[in-house]
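Heads up, the thing below is written out as structure tokens.
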Amino acid sequence: MNRKEVRSYVNQYCQLRDIQFAAYELYARKHNLTAKELFVLDIIWFARDGCLQSEICERLSATKQTISAIIKKFRKLGYLSLTESEADRRNKIIRFTEAGREYAQKIIPPAANAEIDAMAELDGKDIAQLIRLTIRFSSCMKKKFEEL
């Protein structure tokens, strides 16, 4: 396949990615959040024993400063607590407070259910292929951008 044809596919893929991201962004805005804030809440919600700020940074490919500002905002609202990690006292485990769990309960499970419902509209083979190809493409993208 020549580069012009591949460019066309890249454009189509980017438009699809943008549609997905816009869905998250619009949903986040309905709750007076940014998409990044929504994703942080999502990560903490599904981290049953809490998580480290470094784990959130890595998962979102975000800077420590960005995630720190989001955590600070939610702590100020009384939604998050930080406790020292027993393994390394320099690291803080981020967890929801009771108020934070009540707040996130109205936002994260509905979003997670929407993702599940959307994926469930595909058959099992299509889901497996989507995941397999997305993993492969993401790995290639990461590698190529690291080479720049």
Side-chain angles (χ1 to χ4, degrees), residues 9-148:
Y9 287 121
V10 168
N11 288 343
Q12 288 177 50
Y13 184 87
C14 288
Q15 287 176 338
L16 295 170
R17 180 204 55 216
D18 294 345
I19 288 167
Q20 289 179 10
F21 189 79
Y24 288 112
E25 191 69 48
L26 289 170
Y27 182 75
R29 278 192 222 145
K30 286 181 181 180
H31 297 282
N32 297 313
L33 299 169
T34 65
K36 191 87 69 182
E37 291 169 342
L38 176 69
F39 297 153
V40 168
L41 292 176
D42 183 80
I43 291 168
I44 298 167
W45 181 265
F46 288 104
R48 294 292 176 215
D49 296 324
C51 62
L52 301 176
Q53 179 175 329
S54 59
E55 294 169 335
I56 298 171
C57 292
E58 184 177 330
R59 169 98 180 264
L60 298 179
S61 296
T63 65
K64 185 177 179 183
Q65 293 81 4
T66 297
I67 301 307
S68 181
I70 292 170
I71 291 167
K72 184 178 180 180
K73 171 188 172 178
F74 289 129
R75 280 188 73 201
K76 199 173 192 178
L77 292 168
Y79 296 157
L80 297 178
S81 68
L82 302 179
T83 55
E84 283 185 356
S85 167
E86 290 181 19
D88 183 349
R89 302 184 110 192
R90 294 172 295 172
N91 288 321
K92 305 282 188 258
I93 300 171
I94 304 162
R95 293 184 178 93
F96 282 115
T97 61
E98 189 56 41
R101 184 156 287 288
E102 288 175 22
Y103 170 74
Q105 174 74 41
K106 299 170 191 159
I107 300 168
I108 301 305
N113 287 330
E115 292 169 326
I116 292 166
D117 292 344
M119 184 76 70
E121 292 193 19
L122 304 175
D123 69 34
K125 287 181 183 177
D126 286 344
I127 293 170
Q129 186 174 11
L130 174 66
I131 300 301
R132 181 181 63 78
L133 292 174
T134 302
I135 289 169
R136 187 170 173 200
F137 181 64
S138 298
S139 176
C140 291
M141 282 285 293
K142 183 178 182 210
K143 178 183 172 198
K144 293 299 179 183
F145 272 86
E146 286 172 350
E147 291 173 358
L148 295 178

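In this chain, residues are counted from 1 in sequence order.
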Pairwise distance CD1(Ile67) to NZ(Lys64) - rounded to 0.5 angstrom = 12.0 Å
CD/Glu58: more than 12 non-hydrogen atoms of other groups inside 6.0 Å = no
Nearest non-hydrogen partners of Glu25 and Ala35, listed with the distance = OE1-CB, 3.1 Å
For Phe145, does the CZ atom sit with more than 12 other heavy atoms under 6.0 Å from it, leaving out its own atoms?
-> no
Residue list, ring-ring contact (aromatic ring centres under 6.0 Å, His included) with Phe74, at least two apart or on another chain | none
Closest approach of Ala99 to Gly78 (non-hydrogen atoms, all atoms of both residues) = CB-O, 3.9 Å
Is the side chain of Tyr27 donor-acceptor paired with the backbone N or O of Ile107 at a distance under 3.5 Å, no angle test?
-> yes
Any donor-acceptor pair under 3.5 Å from Asn113 side chain to Pro109 backbone | yes
For the atom pair OH (Tyr103) and CZ (Phe96), what is the distance rounded to the nearest 0.5 Å?
-> 9.0 Å
Might you work through the side chain to side chain contact (heavy atoms under 4.5 Å, CB included) test for Lys73 and Lys76, ending with a clear yes or no?
-> CA-CA 5 Å; Lys73 171 188 172 178; Lys76 199 173 192 178; 5.8 Å; no
Going from CG on Leu80 to NZ on Lys92, what distance comes out if it is rounded to the nearest 0.5 angstrom?
-> 14.5 Å
Salt-bridge present (Glu146, Lys142; N to O < 4.0 Å) | yes
For Tyr24, does the OH atom sit with more than 12 other heavy atoms under 6.0 Å from it, leaving out its own atoms?
-> no
Return yes when atom CZ of Arg136 has more than 12 non-hydrogen atoms of other residues, nucleotides or ligands closer than 6.0 Å, and no otherwise.
-> no
Going through the checks in order, is the side chain to side chain contact (heavy atoms under 4.5 Å, CB included) test met by Tyr79 and Arg101?
-> CA-CA 7 Å; Tyr79 296 157; Arg101 184 156 287 288; over 6 Å; no
Does some side-chain heavy atom of Thr66 sit less than 4.5 Å from a side-chain heavy atom of Leu60?
-> no
Enter the distance from Ile43:CD1 to Gln53:CD here, rounded to the nearest 0.5 Å.
-> 11.5 Å
Please list, chain by chain and in numerical order, all residues satisfying salt bridge (Lys or Arg N to Asp or Glu O under 4.0 Å) with Lys72, sequence neighbours excluded.
-> none
Residues that Phe137 engages under ring-ring contact (aromatic ring centres under 6.0 Å, His included), provided they are two or more places apart | Tyr13
In sequence, state the C-alpha distance, the side-chain angles, and the governing distance for Leu82 and Ile71, and then conclude on side chain to side chain contact (heavy atoms under 4.5 Å, CB included).
-> CA-CA 9 Å; Leu82 302 179; Ile71 291 167; 4.2 Å; yes
Looking at Glu37 and Asn32, what are the two nearest heavy atoms and their distance?
-> OE1-O, 4.3 Å
Straight-line distance of Ser54 OG to Asn91 CG, nearest 0.5 Å = 5.5 Å
With a cut-off of 6.0 Å (strictly less than), are more than 12 heavy atoms of other residues, nucleotides or ligands near CZ of Arg59?
-> no
Supply the atom-to-atom distance Thr83 OG1 to Ile93 CD1, rounded to the nearest 0.5 angstrom.
-> 4.5 Å
Please step through side chain to side chain contact (heavy atoms under 4.5 Å, CB included) for the pair Leu38 and His31, ending with a clear verdict.
-> CA-CA 9 Å; Leu38 176 69; His31 297 282; 6.0 Å; no
